4 protein chains.
Amino acid sequence: MARTLDQNLHKRRKTQIISAAAKCFAKKGIHQTSMQEICDAANISAGALYRYFASKDAVILAMAESEKNANEQLITHLDNSVDVVEGLCQALPSIIAILSNREYGRLAIEISAETSRNPAMAELFQSNDTQLQTAMIKALKAGQKQGTVNKDLNVKGAVYVILAMFDGITLRSTSLASPPKEKTVKSFVYFVRRFLAPV
Amino acid sequence: MARTLDQNLHKRRKTQIISAAAKCFAKKGIHQTSMQEICDAANISAGALYRYFASKDAVILAMAESEKNANEQLITHLDNSVDVVEGLCQALPSIIAILSNREYGRLAIEISAETSRNPAMAELFQSNDTQLQTAMIKALKAGQKQGTVNKDLNVKGAVYVILAMFDGITLRSTSLASPPKEKTVKSFVYFVRRFLAPV
Amino acid sequence: MARTLDQNLHKRRKTQIISAAAKCFAKKGIHQTSMQEICDAANISAGALYRYFASKDAVILAMAESEKNANEQLITHLDNSVDVVEGLCQALPSIIAILSNREYGRLAIEISAETSRNPAMAELFQSNDTQLQTAMIKALKAGQKQGTVNKDLNVKGAVYVILAMFDGITLRSTSLASPPKEKTVKSFVYFVRRFLAPV
Amino acid sequence: MARTLDQNLHKRRKTQIISAAAKCFAKKGIHQTSMQEICDAANISAGALYRYFASKDAVILAMAESEKNANEQLITHLDNSVDVVEGLCQALPSIIAILSNREYGRLAIEISAETSRNPAMAELFQSNDTQLQTAMIKALKAGQKQGTVNKDLNVKGAVYVILAMFDGITLRSTSLASPPKEKTVKSFVYFVRRFLAPV
DNA sequence: TATGAATGAGCGTTCATTCAT
DNA sequence: TATGAATGAACGCTCATTCAT
């Protein structure tokens, strides 16, 4: 019982720290955020933070790990759709909404930047991405068998194109002043349908 | 005359510093690069650097400014093509090659990250992007008149989609272990043609 | 009775903490050892430790106190010998063995270093040393009466010389890679006999 | 010229830092002295100190290196004496005076403590000691040939005994309240003569 | 104009000690 | 009594920036 409480507390504290860190990182960038700022945001002392994370790098990594939820949502969505293309097209507005969320986007870019220099982050990113790719490839191949996806499509290439598009949406909507407008979203839907659906 | 020489020297020194900074930023990230590292890479003393740039932020901004060349190349290319779609499709492999260049990509991401927090950077990014958007919109509209571009296309949306794709390529090829393979490039070409060309 | 048990427990806990501390101090040095390390070595919580010792300084002092056993052994030995010189010479190999024991030596040096800065430690050291000096002086004077010790000897000075030699053995055998070899031990015996025995 | 000035400045600053550090280390102990305290004592800023020494460990090592002068003085003295034993006996009072100097002794003990845990320090100590041993062995063997040193002596062992005695003097005079008195010094002289001189 | 020594605030991290449970 | 989470000051060290030369 005490054990359970302890572990709960431990998890709660970690979550509390990670979400404080995520906010700070999104606002100021990973390397411009000091541990003290994270502590302040999480309402704990510096010493306490180090009971839960061994270093700033560990906080960064944990934050990145906790960001993979978006992917998981998308995968679940794909798995549950009867027609991949239509499923994706219907989901697209809300996917784009997530991708263009300011905090999500800034964090994604910070993580990307970190990825090219931190091996642990790179591994994490790679494995997340592979998971998403695999799920999409499976869904598209199934679609090709079903006849709901263009049979001439190079599936791997198509997945790359779509994921690049997603990443691009994230990058642009944080760098630019405003997120994609409704008309733009429609263009994305149009593109995806035209690209994936049978001719 | 002496004045001209002076100004030339001044410009050359600035360029030298900026390209040293760019290399460092790509290698270690903007905020993990110290001014001393830039000085060393540029073969200049700390005191001298500050004669050319008022602060680290000024160096960052100047570096970002110097990175807009890629855009200009693309714009020139579009202007010179008779058929936008075909022109773009032919240029695509080399565009993708540029976008997936490791140093270019890392710098682009660093700049993106900076953009969401530094107003001067944001303005710069915005203006570069608008320039590119405008050029592409113009080219696509011309194409629609010419009959080389699908008339049903929402041109602004299409441009957003294509630019997102470009940004996505950059982001993915620096975060992932390897740049897009030949087959993937073909998928991009296939997509652009299918998306833009008349039905 | 319960009281007695309690006090026994209390003493046992203290001993347990002190010997854990001694091991840590010898391994890492007093000031590079954290209270947490002592707690871990003693299998006790931080809170519990502070029920037995008021501060780290108190632990250090108690550890130093517990180290005076070596002296007591030596004193007992001297008291029991009929001929001081021969007694000492026979005991010398095992005394040297104790003095050159790595853990003992390191602790002794740590304590010495502490002694020059901590008045309580200094007092402790002084009193231990005085006790040993007194015992040796007494033994040597008795020897002079008996005729087993050189009558020309300035007893106080001789004791200083011998104790310095002991301390030197300790210092050298911890700083140097190896303890004194058998031949070296013989030299010490030769020296002591030549120094103390009647001409 | 500028070069020479620079190097002079560099050396002067290093010396200034080392002697400030030595004072601090003697007063408070190596690990209880903060870099800030050294900076304050040397009248420079933290940043400046790190231009001259890469780390606290580097300062400690340099300080230890600068302490080997005492040895060198002794070696020179031995080399210049016609009769080793008499030379040593005459030098003994001033050697003991050096060894019992408060700052020298405290530093020596700090260095000893450090030696058992820091490989670089151990190597330094070892090499200094070997140098001194070698010089003394050479001098004693020459003495044996000359007839001024007891021929039965195991020279290596004798050197060990004498050096242990020196170290012991250092250790005792810092731990104890007072340095050895004149009578004690006489005992040392008596011992050395009796130990080394021919029977 | 160029140099590089100097500054000092601020960084990530540790640890003796306290105290709610 | 025992626990171990929490504190916060202080640590070793870095770095953007300044300025005497």
Side-chain angles (χ1 to χ4, degrees), chain A residues 2-3 5-6 9-10 12-13 31-40 42-60, chain B residues 6 9-10 13 31-40 42-60, chain C residues 6 9-10 13 31-40 43-60, chain D residues 1-3 5-6 9-10 12-13 31-40 42-60:
Chain A
R3 191 65 198 256
L5 271 173
D6 273 358
L9 177 65
H10 208 262
R12 239 184 312 129
R13 279 265 188 277
H31 296 287
Q32 295 99 289
T33 298
S34 72
M35 289 305 259
Q36 197 51 62
E37 285 169 317
I38 298 174
C39 291
D40 292 350
N43 259 311
I44 54 163
S45 67
L49 189 151
Y50 279 86
R51 284 194 70 76
Y52 299 97
F53 294 98
S55 64
K56 190 179 183 182
D57 266 9
V59 176
I60 296 170
Chain B
D6 274 17
L9 179 65
H10 206 261
R13 278 261 196 281
H31 296 287
Q32 293 99 290
T33 297
S34 71
M35 289 302 258
Q36 196 52 60
E37 284 169 317
I38 298 173
C39 291
D40 293 349
N43 260 312
I44 214 176
S45 71
L49 190 150
Y50 276 84
R51 291 199 74 74
Y52 298 98
F53 295 98
S55 66
K56 190 178 182 182
D57 268 6
V59 176
I60 297 170
Chain C
D6 274 16
L9 178 65
H10 206 261
R13 278 261 194 281
H31 296 286
Q32 293 100 291
T33 298
S34 71
M35 289 301 258
Q36 196 51 61
E37 284 170 317
I38 298 173
C39 292
D40 292 349
N43 261 313
I44 214 177
S45 70
L49 190 150
Y50 276 84
R51 290 199 75 76
Y52 297 99
F53 294 98
S55 66
K56 191 178 181 181
D57 268 5
V59 176
I60 296 169
Chain D
M1 182 68 180
R3 192 65 198 256
L5 271 172
D6 274 358
L9 176 65
H10 208 261
R12 240 184 311 129
R13 280 264 189 278
H31 296 287
Q32 294 99 290
T33 297
S34 72
M35 288 306 259
Q36 197 51 62
E37 284 169 318
I38 298 174
C39 292
D40 292 349
N43 258 310
I44 53 162
S45 67
L49 189 151
Y50 280 88
R51 284 192 70 76
Y52 300 96
F53 294 99
S55 63
K56 190 179 182 181
D57 266 8
V59 175
I60 296 169

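So you know, we letter chains A, B, ... as the sequences are listed, proteins then strands, and number each from 1. Worth saying up front: this structure is predicted, and the values here are computed from it rather than measured.
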In this structure, how many angstroms lie between the [atom2] atom of [N] and the [atom1] atom of [X], rounded?
| X | N | atom1 | atom2 | value |
| --- | --- | --- | --- | --- |
| B/Asp40 | E/dG4 | CG | P | 10 Å |
| C/Asn43 | F/dA2 | CG | P | 14 Å |
| B/Ile44 | E/dT3 | CD1 | P | 7 Å |
| A/Arg13 | F/dA6 | CZ | C1' | 8 Å |

C/Tyr52 near the nucleic acid: base, sugar-phosphate alone, or nothing, with a heavy-atom cut-off under 4.0 Å? sugar-phosphate
Over all strands shown, is D/Leu49 touching base, sugar-phosphate only, or nothing at heavy-atom distances under 4.0 angstrom? nothing
Non-hydrogen atoms of B/Ala54 and B/Ala58 that approach each other most closely: N-CB, 4.0 Å
Rounded to the nearest 0.5 Å, how far apart are [atom1] of [X] and [atom2] of [Y]?
| X | Y | atom1 | atom2 | answer |
| --- | --- | --- | --- | --- |
| D/Asp40 | D/Asn43 | CG | CG | 8.0 Å |
| B/Arg13 | B/Phe53 | CZ | CZ | 12.0 Å |
| C/Arg51 | C/His10 | CZ | NE2 | 7.5 Å |
| A/Leu49 | A/Ile44 | CG | CD1 | 4.5 Å |
| A/Ile60 | A/Ile38 | CD1 | CD1 | 7.5 Å |
| B/Ser45 | B/Gln36 | OG | CD | 8.5 Å |

Reading nucleotides 14-21 of chain F from 5' to 3' and marking B where a protein heavy atom lies under 4.0 Å of the base, S where only the sugar-phosphate is that close, and - otherwise, the string is BBSBBB--
Counting only N and O atoms by type, is there a donor-acceptor contact under 3.5 Å from the side chain of B/Lys56 to the main-chain atoms of B/Ser34? no
Contiguous pairing runs of three or more, Watson-Crick or G-U under 3.5 Å, that involve DNA chain F: E:2-21 with F:2-21
